[in-house]
Structure formats: C-alpha cells, structure tokens
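Predicted, not measured: the structure shown is a model, and the values here were computed from it. When a ligand or atom number is given, it counts from 1 through the structure's own listing order.
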Amino acid sequence: MSFDVEAIRREFPALHQEVHGRPLVYLDSAASSMKPEAVIEALTRFYRRDYSNVHRGVHALSQRATEAFEGARKAVAAFLSAGEDEVVFTRGTTEALNLVAQAWGGKVLGPGDEVVLSEMEHHSQIVPWQMACERHGATLRVLRIDERGAIAEGEIERKIGPRTKVVAIVHTSNALGTVNDVRRIAEVTRAVSKDAVVVVDGAQATPHGPIDPRALGADFFAFSGHKMFAPTGIGVLWGKRERLAEMPPWQGGGDMIRSVSFEGTTYADPPSRFEAGTPAIGEAIGLGAAVRWMMGLDWAAVADHEDALLAYGHARLSEVKGLRLTGTAERKKAVMAFAIDGVHPHDLGTLVDLEGIAVRVGHHCAEPVMKRFGVPATTRASLALYSTRAEIDRLVQAIDKAVAILR
Ligand code: PLP
C-alpha cells in the first residue's frame, strides 16, 4: 500500500470549504482532528436506524445498538493489540487520567510515596495527580526538560526511585511534539520500584497510528477519540488486565454493579466496573468506525508523509526572521510550536485566520512548558495525515504578511 494525500483529503468533507473567502488550511489537528465520511456515516446510520440504549434491552434495536457499541470496543482492542476486557470507554483522555488518579491513586498512595511526571505533561495529567498527592500526602516529582524540549539527561534515573508509586508520562507532547521513550522509562521504573505503575497519556500518539501499550511497558494508556478522527465525548482508558482487576471503582451507578442491596453492593468485572451510567453510545460507535478506517491505512507510508512534512515545516518556518521553534527534540511528531520576536501569538493567530488558516495560540494546557521556555504563549501549527506542503507554504506566506503588519 502507499499513501495518496489527495485521495485521503477527499474523504474529509470539512477540509473543502472557504473561510474568510480563502480555501481553509486546517493546521489545528492536535487540538481536534477533522472527521472522515466513514465516521460521519457510522454516526448517521446509528441515529437514523439503530438508535437505542445498550446492554439491558431485549428488543431488536437495543440488541443492534449493543452489538454496534461492543463492536466498537472490539475494534479499539484490535487497534491496541489488546483484549476487549482491557478497553474502558471514558469521555476522553482527561476523564481516563482522572479515573486512574482517583481509583489507583486512592488505592496505592500514602505519605512518603512519590508520583513522577514530566515538565511537558498536559494539565490533564498534572492536575489529577497533584490532587491525588494532596489528598493522600504523597509527593510530586518532576522530570525536567532540556532546551530542545526532551527530558533532560539523567533525570529519569535521578527522579524515579524505590518510593515511586506512579510514573505519569505523555507519549507525545501536544505543546512541543516531543515523543518520549516510554519503553525505556518503563524499564527504569520496573528496575527500581516493582509495584510502580506507568500511566501514559497517549492523546497525541493515537492519531498517528495503531499502538500496543503493553509492548510500550504501560500499565494504563489514555486517549481521546476526537483527536483521531472520531467524535468528541468519547475516549479510552486501556488498562493491563491484571491492573484493572485490582483497581476499585471510581463512580457508582448503573451498569458497574453485579448486585445492589442496602446491606452492600458488589461490583462488575472490568471494563463495566469503570463505566457507570449510560455510555456515549453513538460516540463510541463513531470511534469504532474511526479505528476501523485507520486500520485500513498503510501507517509506514503515513509516517513517511507526516515526518517529511514536519521536516519541511521546520525548514520553512526557520526562514521567518525572529522565529524561534519551541520543541526541536530528535524524536518528534506533527507539532510545530513557535514564538516570534515582537509579535504576540494572539495577534498572529487572528491575522492568519483572516487568510483562512487555523492554528492554535496560547499555553496549550501546558503552562509549565511555557514557563520553561520563558514565553507566555506560543503559536502552534499541527499536522495530521491529511496535511500538505501547500498548506505549510500558505502558513509561512500568511506569517510573513502578519509580521510585516505587526512589527
Ligand atoms: N493530553 C494531551 C497530550 C493532549 O493534547 C490533550 C488535549 O489537548 C489532552 C491530554 C486532553 O484531552 P481531552 O481534552 O480530549 O480530554
């Protein structure tokens, strides 16, 4: 198989529109990706034909809906080379990480224990673990990053130790693009602390192809559907079977129980134990459609396309006078974040929008990264498999025009 970006683009209707009278250039896929026809059709089919609540119904529509919903779990499991019982549906990465921080954190953390995370984590990893540490008297330790945006030499060995109970690490940073060597971090963790778990934020990893979290050395792996061509409101917590079995529930309600009485309640096995209440049925079915669609692609060819585009983007952006890239790590994916001398990112974002170009400006929910690089905010152009060189050329042209106005 090979990769034809124009053929892929034809599958994404939203890419083909004008914004402010100019053809749209969508360079904000790290925030949320566009959706292919396959996903839109799956959603429409569900709501037009198969709609019903799942699991408890005996009627035909409920059975159809349940089949489609559980079929989505099966598809996600295949995408992760995992078991279906290891796939917990959540609202997204944020909810998945809060689930682990509350349920696992509540089970294992106490005074003297340490949670290690990196300086490049998204707030959705930092804040739940900070809250868990405050609640249970544990200590947060931070893996500092170097000037290129990679974890600094020696930090992993220095900070992960026998007191470590949790290592919470982002696979691919949304603010820098850095891809962390999760496997090595997991190996170091296992060597020094036998009962520590590795919790991976995979939100920016799964839009770039199937992934095997067990082979990565993860105990838990979280991601969001909306960043990988699926609807909003659905995400996944993958947990190693043996970890999920040990983890207590976090939210109580329907579907997560085995039996309820006023004398006491017993809980269902995973994944149901962690899915209280009516789930996001249509959204899960949309996620199933997205991963099936993704699994039909040649990911080696997609990676070649995306990596060549990133290198091209770096080269073109470096031509802009006074532009400084934040995040130039050797292992990097799909994100180009930068600051330009004398230009406020919000002004730049507004002017390039008038040229039909969507980029994101701000702290990208990674304030410690901004602090590390001494900037209040950056401009971020992010790529997906449907991005093109011509779009990067349009971006650079628009930046040049904006800078001439703003300086
Ligand atoms: N982690 C990373 C690296 C992200 O980029 C994001 C979203 O921007 C999140 C976590 C949070 O994802 P969500 O808002 O879908 O829960």
Hey, which atoms in ligand 1 end up nearer than 4.0 Å to a heavy atom of T94?
11 (C), 12 (O), 13 (P), 14 (O), 16 (O)

May I ask whether S124 has any heavy atom positioned less than 4.0 angstrom from an atom of ligand 1?
yes

Using only heavy-atom distances, determine whether the side chains of D353 and H20 contain a donor-acceptor pair under 3.5 Å.
yes

Apply side chain to side chain contact (heavy atoms under 4.5 Å, CB included) to the pair R73 and V236, showing each step before the final yes or no.
CA-CA 9 Å; R73 196 189 306 275; V236 169; over 6 Å; no

What atoms of ligand 1 come closer than 4.0 angstrom to any heavy atom of Q204?
3 (C), 4 (C), 5 (O)

Near E153 CD, under 6.0 Å, is it more than 12 heavy atoms from other residues, nucleotides or ligands?
no

What is the nearest protein non-hydrogen atom to atom 3 (C) of ligand 1, stated with its residue, atom name and distance?
D201 OD2, 3.4 Å

Test log, rule side chain to side chain contact (heavy atoms under 4.5 Å, CB included), inputs D113 and T139:
CA-CA 6 Å; D113 293 331; T139 305; over 6 Å; no

Between T172 and ligand 1, does any nitrogen or oxygen pair lie at a separation below 3.5 Å?
no

Give me the atom names and distance for the closest heavy-atom approach of A284 to A72.
O-CB, 3.2 Å

Are there over 12 heavy-atom neighbours, none belonging to R372, within less than 6.0 Å of that residue's CZ?
yes

Hey, looking at atom 8 (O) of ligand 1, which of H171, K227, H226 has the closest heavy atom?
K227

Which protein heavy atom lies closest to atom 4 (C) of ligand 1, and at what distance to 0.1 Å?
H122 CD2, 3.3 Å

Atoms of ligand 1 close to S224 [distance to a heavy atom under 4.0 angstrom, numbered from 1]:
12 (O), 13 (P), 15 (O), 16 (O)

